[in-house]
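Lettering of chains follows the sequences in order, A, B, ..., and the numbering in each one begins at 1.
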There are 2 protein chains.
Amino acid sequence: MQGDAARSFRDLCEEHGIAVTHQRQVLYEVMRAMSGHPSPEEIYAGVRQRIPTISLATVYKNIHLFVESGVLREVSLHHGTVRVEMTGHEHHHVVCSKCKSISDIDESELGLIPKQDRLPGGFLVERYAVDVIGLCANCQQS
Amino acid sequence: MQGDAARSFRDLCEEHGIAVTHQRQVLYEVMRAMSGHPSPEEIYAGVRQRIPTISLATVYKNIHLFVESGVLREVSLHHGTVRVEMTGHEHHHVVCSKCKSISDIDESELGLIPKQDRLPGGFLVERYAVDVIGLCANCQQS
DNA sequence: TTGCGTGCAAACTGTTTGCAACTTA
DNA sequence: TAAGTTGCAAACAGTTTGCACGCAA
């Protein structure tokens, strides 16, 4: 397992021509293990458990690098800080407008979205990001 | 026209129990006249043409107020700063992942999205916000 | 008149940058 | 060894807050 993850990360770096450093490897593993949509601070806290001397600046620099490489995806969720998630299976987000909690929803649960590859005007579609906004079960009570 | 806008703004304030100040009225009119998804700074710049002494803090405070009242909607678009838009006809957003430009797209142009009022788990849906992410015509050339 | 709203300045938060020391390839 | 990466500290941008004064109701 460890071996597999290490290998694929090594490959990933090779693909994108970036160096394999201890920090990056741990960052990657920590983010893999984190569910949800962690903020840079949360990732920083996680990595610090294994590399106490890591700098927040390094975390930011590598988050950007990973986003550019396509390892991470930047998620835009009516939030104050940056949130990221590992790129993986297609899903969308359910956001409570009151408590701001976020959960994932599978595309199949949402009902099929009629996707177009190209929009009038020549826009080339990469993906659709759907946020379902409303009230979660808890917040409906108040 | 002027009269209508002033009247409806007055009503809006009454509905929400907030005072009608000169600043708020101008803010509202300026934002109405702005197309797209202005940032607080842009709104500030616009209002300053008519009230040069207005404070940025006032702009922020009233943006929050308007968002809470439902006059404005906070838009979440892979951007560094807050963006808002007037609430009005339903539309979604097309975002270029390279140059970060944003344009609106009407729901009808997008193809129908099968909307549910409730999601498994009891989540009560208010609305769907769809971001179509990809490359605009310009950015495809490079 | 009373309380809400404004403007100012200072504080804060999240993020970015410059640079010397150190690792990776 | 050369190029890329790290950690630190300082700089920044956007946003928020506290408070005295002023205006709407």
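Within the nucleic acid shown, B:Ala19 comes within 4.0 Å of sugar-phosphate atoms alone, with no base atom in reach, counting heavy atoms only. Heavy atoms of A:Leu56 sit under 4.0 angstrom from at least one base atom. Backbone-only contact: A:Thr53 has heavy atoms under 4.0 Å from sugar-phosphate atoms and none from a base.
Defined by atom type and a distance below 3.5 Å, a donor-acceptor pair is present between the side-chain atoms of A:His92 and A:Glu107.
With distances taken from any side-chain atom of B:Thr81 to the nucleotides C:dG5, D:dG14, C:dT6, the minimum falls on D:dG14. Comparing C:dT24, D:dT15, C:dC8 against the side chain of B:Tyr60 picks out D:dT15 as the nearest. Of the candidate nucleotides D:dG7, C:dA25, D:dT15, C:dA25 has the atom nearest to the side chain of A:Val20. Listed nucleotides C:dG5, C:dT16, D:dG7 differ in distance to A:Ser55; the shortest reach to its side chain belongs to D:dG7. In the set C:dT15, D:dG7, C:dA9, the nucleotide with an atom closest to the side chain of A:Ile51 is D:dG7.
Between A:Thr58 and D:dG7 there is a side-chain polar atom (N or O) within less than 4.0 angstrom of OP1 or OP2. Phosphate proximity of C:dT23 to A:Gln23: absent, as no side-chain N or O sits under 4.0 Å from OP1 or OP2. Residue B:His64 places no side-chain N or O under 4.0 Å from the OP1 or OP2 atom of D:dT15. An OP1 or OP2 oxygen of C:dC4 is reached within less than 4.0 angstrom by no side-chain nitrogen or oxygen of B:Thr21. Not one side-chain nitrogen or oxygen of B:Arg24 sits closer than 4.0 Å to the OP1 or OP2 atom of D:dA24.
Two end axes, each from the C1' atoms of five base pairs, can be drawn for the helix from C:dT1-D:dA25 to C:dA25-D:dT1; they diverge by 40°, to 10 degrees.
Atom CD of A:Glu42 and atom P of C:dT15 are 11 Å apart (whole Å).
Test A:Val132, A:Val130, A:Ile102 against A:His93 for side-chain contact (heavy atoms from CB on, under 4.5 Å) and you get one pass: A:Ile102.
Side-chain atoms of A:Phe66 and A:Glu74, non-hydrogen and from C-beta on, never get closer than 4.5 Å to each other.
Within 6.0 Å of the CG atom in A:Asp106, the count of heavy atoms belonging to other residues, nucleotides or ligands exceeds 12. Counting non-hydrogen atoms of neighbouring residues, nucleotides and ligands closer than 6.0 angstrom, the CD atom of B:Glu14 reaches no more than 12 such neighbours.
The base of D:dG7 sits with one of its N or O atoms less than 3.5 Å from a complementary donor or acceptor on the side chain of A:Lys61.
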